[in-house]
Protein chains: 2
Amino acid sequence: MIHFNRKTEYALIAMEHMIRKEDSHDIGASQLTSAREVAEAYQVPYSLLAKVLQQLAGRGLIKSVHGTKGGYILAKDPEEISVIHIMEIFEGPMALAECFKEEKITCPQWDGCRIKHPLSQLNHKIYHLLADTSVAHLVAGH
Amino acid sequence: MIHFNRKTEYALIAMEHMIRKEDSHDIGASQLTSAREVAEAYQVPYSLLAKVLQQLAGRGLIKSVHGTKGGYILAKDPEEISVIHIMEIFEGPMALAECFKEEKITCPQWDGCRIKHPLSQLNHKIYHLLADTSVAHLVAGH
DNA sequence: TAATATAGGACTAGCATGGTCTTATATGCT
DNA sequence: AGCATATAAGACCATGCTAGTCCTATATTA
Ligand code: SF4
Ligand code: SF4
């Protein structure tokens, strides 16, 4: 089926939260966002969210700060981060059909398959929809 | 992740096969297509394909003929059958996020969730891509 | 009556998802 | 120094879905 898994959604929720926080320009307020802060604000399981943020940090999308008063902060322009980028971190390469993401073809139907080319076109259209939507678009008013 | 499951692919393969057969206008050749014929032509597991075709017949997309020399034949204009229609038979309602297909909301994040509206827009765009692609489009040259 | 087709239910191995728990480490505050 | 709190990372697990098999019943033709 076509759907986001929870990790992707939690990542998007957290990113939206951090973008909005940055936009608010609250002088004095820390720009850092901790996993706990997001977990409590949106009722997301803390342990799982923590690892989601760790992965985002590992990919360089956000920067982490250790220790008390630590947390995360955006490391890139949110306009430059696409929804498909987040998705592929948590769900692997997007492919409507298995054969669209494989080096060596494992699908037994491949030889005789006559639908792979038209489906590949659909695949590209959906991919570009997701690639053309940045996480900044998720923030209301953007 | 965003992908078709095998049943959907097998259904699309079978539909494409039947459309092409109908287009060929072979006088004398039976227009009926058996599950075994498709299974052998595309190396699809017969038992599984049989049930896929049964479901398509149950939904009225194809008509079944019992007995020896029986099989299936298209019951509707393939231009009028969308890819999303086939998908939703085998994978349930399409929804990028769970909350897009529920009557009563079960997602714990729903109240505070700020990404559901922008994601819903994405959802509709993808849905219409799939709704605007008919199974007839899958046939080469269409 | 035998062969072959659809109809449909029961069952299962394997895998992905979504989650928890534990430990290690870094940092700020008193 | 010592504690509280933050990230980092791995092990572990319950549940549900996927993709498939197998078996039986029924309809039709030769
Ligand atoms: S070859 Fe055809 S059946 Fe196999 S994965 Fe690609 S599209 Fe699907
Ligand atoms: S409410 Fe938000 S988090 Fe919950 S399913 Fe909908 S989009 Fe996802």
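Everything quoted here is computed from the prediction, not taken from an experiment. Per chain, numbering begins at 1; letters A, B, ... match sequence-line order.
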Engineer: Does any donor atom in the side chain of A/Gln109 or B/Arg6 lie under 3.5 Å from an acceptor atom in the other side chain?
Structural biologist: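 A pair is found: one side chain offers a donor N or O, the other an acceptor, under 3.5 Å apart.
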Engineer: From D/dA19, C/dT20, C/dA7, pick the nucleotide closest to the side chain of A/Leu48?
Structural biologist: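 That would be C/dT20.
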Engineer: When you match B/Tyr10 and A/Ser34 each to their closest nucleotide on DNA chain D, which lands nearer the 5' end?
Structural biologist: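 So the residue in question is A/Ser34.
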Engineer: Would you kindly compare A/Thr68 and A/Lys7 by the position of their nearest DNA chain C nucleotide and give the one closer to the 5′ end?
Structural biologist: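 That would be A/Lys7.
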Engineer: If each of A/Met1 and A/Ala50 is mapped to the nucleotide of DNA chain D with the nearest heavy atom, which maps nearer the 5' terminus, i.e. the 5' end?
Structural biologist: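 Whichever sits nearer the 5' end wins; that is A/Ala50.
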Engineer: How many Å lie between CG on A/Leu56 and C1' on D/dA9, as a whole number?
Structural biologist: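 Answer to the nearest Å: 15 Å.
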Engineer: If I take atom CZ in residue A/Arg6 and atom C1' in nucleotide C/dT20, what distance separates them, rounded to the nearest angstrom?
Structural biologist: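 Going from CZ in A/Arg6 over to C1' in C/dT20 covers 17 Å.
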Engineer: C/dT6 P sits how many Å from B/Arg59 CZ, rounded?
Structural biologist: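 Atom-to-atom, B/Arg59 to C/dT6, this comes out as 19 Å.
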Engineer: Taking any heavy-atom pair under 4.0 Å as a contact, classify B/Ala35: base, sugar-phosphate, or nothing.
Structural biologist: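 Sugar-phosphate contact only.
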Engineer: Look at B/Arg36 and C/dT4 and indicate whether a side-chain polar atom (N or O) is within less than 4.0 Å of OP1 or OP2.
Structural biologist: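 No, outside the criterion.
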Engineer: Hydrogens and angles aside, do B/His137 and B/Ser134 bring a side-chain donor and acceptor to less than 3.5 Å of each other?
Structural biologist: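 A pair is found: one side chain offers a donor N or O, the other an acceptor, under 3.5 Å apart.
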Engineer: What about A/Trp110 and A/Leu96, same hydrophobic cluster or not, with Ile/Leu/Val/Met/Phe/Trp/Tyr joined at side-chain heavy-atom distances under 4.5 Å?
Structural biologist: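 Different hydrophobic clusters.
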Engineer: Between C1' on C/dT20 and CD on A/Gln54, what's the gap in Å once rounded to a whole number?
Structural biologist: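 Answer to the nearest Å: 14 Å.
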Engineer: Just how far, in rounded Å, is C1' of D/dC17 from CD of A/Glu91?
Structural biologist: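 Rounded to the whole Å, the gap is 15 Å.
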Engineer: Taking B/Val135's backbone N and O only, do any of them form a donor-acceptor pair with B/Glu16's side chain (distance below 3.5 Å, no angle check)?
Structural biologist: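 No, because the side chain of B/Glu16 does not come within donor-acceptor range (under 3.5 Å) of the backbone of B/Val135.
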Engineer: Rounding to an integer number of Å, can you tell me how far B/Glu40 CD sits from C/dT4 P?
Structural biologist: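 Distance, rounded to whole Å: 12 Å.
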Engineer: Using a 4.0 Å heavy-atom cut-off, does A/Ser47 contact any base of the nucleic acid, only the sugar-phosphate backbone, or nothing at all?
Structural biologist: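 If one applies the 4.0 Å heavy-atom cut-off, A/Ser47 turns out to touch a base.
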Engineer: Got a donor-acceptor pair under 3.5 Å from the side chain of B/Lys51 to the base of D/dT21?
Structural biologist: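 Yes, a donor-acceptor pair under 3.5 Å.
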Engineer: Is it true that A/Lys101 and A/Glu88 make a salt bridge, defined as a side-chain N closer than 4.0 Å to a carboxylate O?
Structural biologist: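 Looking at A/Lys101 and A/Glu88, the cut-off is not met.
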Engineer: Tell me: CD of B/Glu98 to P of D/dC17, nearest whole Å?
Structural biologist: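 So the two atoms are 10 Å apart, to the nearest Å.
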Engineer: Base, sugar-phosphate or nothing for A/Gly71? Non-hydrogen atoms, less than 4.0 Å.
Structural biologist: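 Here A/Gly71 touches the backbone only, sparing every base.
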Engineer: Between atom CD1 in B/Ile73 and atom C1' in D/dT28, what is the gap in whole Å?
Structural biologist: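 From B/Ile73 CD1 to D/dT28 C1': 17 Å.
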Engineer: Please check the phosphate of C/dA5 (OP1 and OP2 only) for any side-chain N or O of B/Tyr46 closer than 4.0 Å.
Structural biologist: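 For B/Tyr46, the contact criterion (side-chain N or O under 4.0 Å from OP1 or OP2 of C/dA5) is not met.
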Engineer: Does A/Tyr72 have a side-chain nitrogen or oxygen under 4.0 Å from the phosphate oxygens OP1 or OP2 of D/dA8?
Structural biologist: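 Yes, within the criterion.
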Engineer: Whether B/Ser64 contacts C/dA7 is assessed here as follows: a side-chain N or O lying under 4.0 Å from the phosphate OP1 or OP2. Is that the case?
Structural biologist: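 True: B/Ser64 side-chain N/O within range (under 4.0 Å) of C/dA7 OP1/OP2.
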